[in-house]
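Remarks on the structure that follows.
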Amino acid sequence: MTDLTRAQWQKAARSGTGNGGCVEVAGNLPGVTAIRDSKRPEDGAHVVDRAAFAAFLADVKAGRYDG
């Protein structure tokens, strides 16, 4: 399990833009990125490999998940 006590959470740029989503990301942890719902931080976080998260973001920016 990854220790998140030193995580520095930042709200995602598009959170709260009327879509109801409130995502926070911690990118200051070695080798991983943590993602959580800012409205329910007590529910924990998803922790993924930094390279995998970067690939996901590239796919999002490229429109891969657009409906």
Side-chain angles (χ1 to χ4, degrees):
M1 182 183 284
T2 302
D3 179 8
L4 298 177
T5 57
R6 295 184 188 261
Q8 295 173 357
W9 297 100
Q10 295 183 334
K11 191 170 280 199
R14 296 210 175 197
S15 284
T17 57
N19 64 6
C22 293
V23 176
E24 289 181 318
V25 177
N28 67 307
L29 303 167
V32 298
T33 300
I35 305 102
R36 72 180 183 183
D37 181 343
S38 66
K39 294 181 291 185
R40 299 182 61 124
E42 68 278 1
D43 286 351
H46 295 284
V47 179
V48 297
D49 178 81
R50 188 170 303 242
F53 190 68
F56 168 72
L57 289 180
D59 284 347
V60 169
K61 290 176 183 178
R64 180 173 180 192
Y65 306 108
D66 293 350

Rounded to the nearest 0.5 Å, how far apart are [atom1] of [X] and [atom2] of [Y]?
| X | Y | atom1 | atom2 | answer |
| --- | --- | --- | --- | --- |
| Thr2 | His46 | OG1 | NE2 | 13.0 Å |
| Gln8 | Glu24 | CD | CD | 12.5 Å |
| Ile35 | Phe56 | CD1 | CZ | 8.0 Å |

Measure across Ala45 and Leu4 and return the closest heavy-atom pair with its distance rounded to 0.1 Å.
CB-CD1, 3.8 Å
Do Arg50 side-chain atoms and Leu29 backbone N/O form a donor-acceptor pair below 3.5 Å?
yes
Would you say Ser38's side chain and Cys22's backbone share a donor-acceptor pair under 3.5 angstrom?
yes
Do Val32 and Leu57 share a hydrophobic cluster (ILVMFWY, side-chain heavy atoms under 4.5 Å, transitive)?
no
Report whether Phe53 and Trp9 are members of the same hydrophobic cluster (ILVMFWY, side-chain heavy atoms less than 4.5 Å apart, transitive linking).
no
